Amino acid sequence: MPDTIEETLSRTVHEQARLSRLAASSLAASSTDQRNRALGSIAVALDQHASRILEANAMDVQQARQSVESGEMSRALLNRLELNATKLRSLCSGIQQLATFPDPLNQVTLATDLDDGLTLSRVTCPIGLVGVIFESRPDALPQIVSLCVKSGNAIILKGGREAEHSNRVLVDVIRDAVAEEGISRDTIVLLESREEVAALLDADAHVDLIIPRGSNALVRHIQEHTRIPVLGHADGVCHVYVDSAGDRDKAVPIIIDSKVQYPAACNAVETLLVHIDVAPLLLPRLEEELVRLDVNIIADSRSMEYLSSANADAAKPDDWGHEFGDLVLAIKTVSTIDEAILHINRYGSRHTDSIVTDNDDAFQRFFAEVDSAGVFRNVSTRFSDGFRYGFGAEVGISTGKLHPRGPVGLDGLVTYKYKMEGNGHVAASYVGPNARPFLHRPVVR
């Protein structure tokens, strides 16, 4: 019986994954200098091919605008899709900066003399072959690839259909750039069909980690359809809580920045919680700014007492915990910090939450009890970002409890091996009535 299309695609993807796994082994053995040169070549190539990249992106944007008009795509996704010369220059600068970072590989994080001449070390190494499935944002592609090259990981990418022209050109340019530095093109592979994603999720013999970047539905689907470990976040439901000791002059710009600076981002605030003691003065002042900036307001009944019914709509139960990804802000008035913390832990996505307060004890409670990867004080939630953390961009955000957590930079793309070196030592010498004792002596380096 002839193969089905799905079987043929699966075999093709699995073979590519096998080749990419081999490329990953070669990259893991490469020198720091070779990987840094490759990053420099990527940055130069992106700059040299900027017009080609932007032309491809313009095709994607044109098609996306038609989808927005027909209601098939949200305007937030369209905003994430668009590239321009400024974004490209910023990408090139970030990649060049990444090349100056210390090598995350071959770092000894523990060294112990088990006995004279018998030493145990814990040494950082790449994860191996990483699959990244992402939606809409083509500017994420060079960032992700560069982080993987720096950390010695091969990568298989699958972008959204809405960015297919942009992604195709970006990968072609980047593969040619790394090949100039002796790195295999199989280190960086782009898949283009939805059927190939299913085959990739089934390639657990070759792929070490899947990182999804996209909607709740995308992440849930991936988590439910693979045996490969998945690192990611399903939602970006972030909160700002203005405490009873919060400064209004600080609170308003923090809230506005968290919502308006880039509303489609996963670290944009979706729900504002306001202590009842500050609500009467804060909310009318904030309302003026939100209306001026075309932010739609939805609020609970207590907050509506301080807002104009002409500018605010009544919140529905499913508005709490909803990721709007647009110029929409849900507002709730609370009686205590306990109520705020309970709300965040119930409806939040464990991404990033910020408190506005001048009370040290209030912040310590908030920090200890809010179960999120980022817990901030008197700053915008928009600071939750790999580049802003100094990680040289990020491959994604992890809201899980295991390493890594929060923005995943270079440290999140390495694991470790235990290295033991001896001189004919055997385990039998350390058991029985005449057993040699272990020294377990830390090695000072």
Side-chain angles (χ1 to χ4, degrees), residues 216 219 232-248 250-276 278-279 282-283 286 290 295 298-300 303 315 318-326 328-386 388-389 394 396-401 404-408:
N216 181 295
V219 178
H233 72 286
D235 296 288
V237 182
C238 302
H239 297 77
V240 171
Y241 164 57
V242 183
D243 184 49
S244 59
D247 184 327
R248 292 191 305 277
K250 295 176 185 175
V252 171
I254 287 170
I255 297 162
I256 294 299
D257 186 80
S258 297
K259 179 74 270 183
V260 177
Q261 201 263 339
Y262 189 7
C266 62
N267 58 12
V269 67
E270 304 295 3
T271 298
L272 169 67
L273 303 173
V274 181
H275 194 282
I276 187 64
V278 298
L282 173 68
L283 289 181
L286 176 64
L290 293 174
V295 177
I298 53 178
D300 72 332
S303 301
D318 59 358
D319 288 326
W320 314 122
H322 184 73
E323 183 177 14
F324 301 105
D326 208 341
V328 180
L329 181 65
I331 301 176
K332 181 178 182 180
T333 295
V334 297
S335 299
T336 63
I337 188 174
D338 303 82
E339 187 180 347
I341 292 170
L342 285 171
H343 181 99
I344 291 170
N345 286 340
R346 177 178 178 183
Y347 294 106
S349 60
R350 303 194 298 186
H351 190 298
T352 303
D353 300 288
S354 184
I355 181 175
V356 180
T357 186
D358 290 336
N359 185 302
D360 292 342
D361 291 338
F363 175 59
Q364 292 307 321
R365 279 206 56 206
F366 192 81
F367 183 81
E369 297 183 32
V370 169
D371 188 18
S372 298
V375 182
F376 298 171
R377 177 186 184 183
N378 294 335
V379 295
S380 165
T381 59
R382 289 282 292 125
F383 279 100
S384 181
D385 174 82
R388 294 185 174 112
Y389 279 13
E394 66 194 34
I397 298 280
S398 174
T399 54
K401 290 296 188 71
R405 195 177 191 195
V408 180

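Only a predicted model underlies this, so the values are computations on that prediction, with no experimental measurement involved.
- At a threshold of 4.5 Å between non-hydrogen side-chain atoms, the residues I397 and N267 do not count as touching.
- The closest side-chain donor-acceptor pair between S354 and T381, if any, does not fall under 3.5 angstrom.
- Under the 4.5 Å side-chain criterion, counting only non-hydrogen atoms from C-beta, T357 is not in contact with Y241.
- Taken to the nearest 0.5 Å, the OG atom of S303 stands 8.0 Å off from the CD1 atom of I276.
- Proximity of a side-chain donor or acceptor of S244 to a complementary backbone N or O of H275 within less than 3.5 Å is not detected.
- Side-chain atoms of E270 never come within 3.5 Å of backbone atoms of E323 as a donor-acceptor pair (strictly under, hydrogens ignored).
- Other residues, nucleotides and ligands place more than 12 heavy atoms under 6.0 Å from the OH atom of Y262.
- Exactly one of D243, D338, D360 qualifies for a salt bridge (charged side-chain N to carboxylate O under 4.0 Å, His left out) with R365. That residue is D338.
- Side chains of T352 and V269 form no contact here, defined as non-hydrogen atoms less than 4.5 Å apart.
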Problem set entry | Audit row: K332, H239, side-chain contact (heavy atoms from CB on, under 4.5 Å) steps and yes/no | CA-CA 11 Å; K332 181 178 182 180; H239 297 77; over 6 Å; no
Problem set entry | Residue pair W320, V237: steps toward the side-chain contact (heavy atoms from CB on, under 4.5 Å) verdict | CA-CA 9 Å; W320 314 122; V237 182; over 6 Å; no
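- In this structure, OH in Y347 is found 10.0 Å from CG in D318, a value given to the nearest 0.5 Å.
- Interatomic distance, OG of S380 versus NZ of K259, reported as 11.0 Å (0.5 Å rounding).
- Taking 4.0 Å as the cut-off between side-chain N and carboxylate O, D371 and R405 count as a salt-bridged pair.
- From I337, atom CD1 reaches atom CD1 of I355 across 4.0 Å, with rounding to the nearest 0.5 Å.
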For this session: Begin with the C-alpha distance, continue with both residues' side-chain angles, and end with the deciding distance and a verdict on side-chain contact (heavy atoms from CB on, under 4.5 Å) for V242 and I255.
Result: CA-CA 9 Å; V242 183; I255 297 162; 4.0 Å; yes
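- Once rounded to the nearest 0.5 Å, the distance linking CG of D358 with CG of N378 reads 6.0 Å.
- Distance check, rounded to the nearest 0.5 Å: CZ of R382 to SG of C266 gives 8.5 Å.
- Between F367 and F363, the ring-plane angle classifies as tilted under the 30° and 60° cut-offs.
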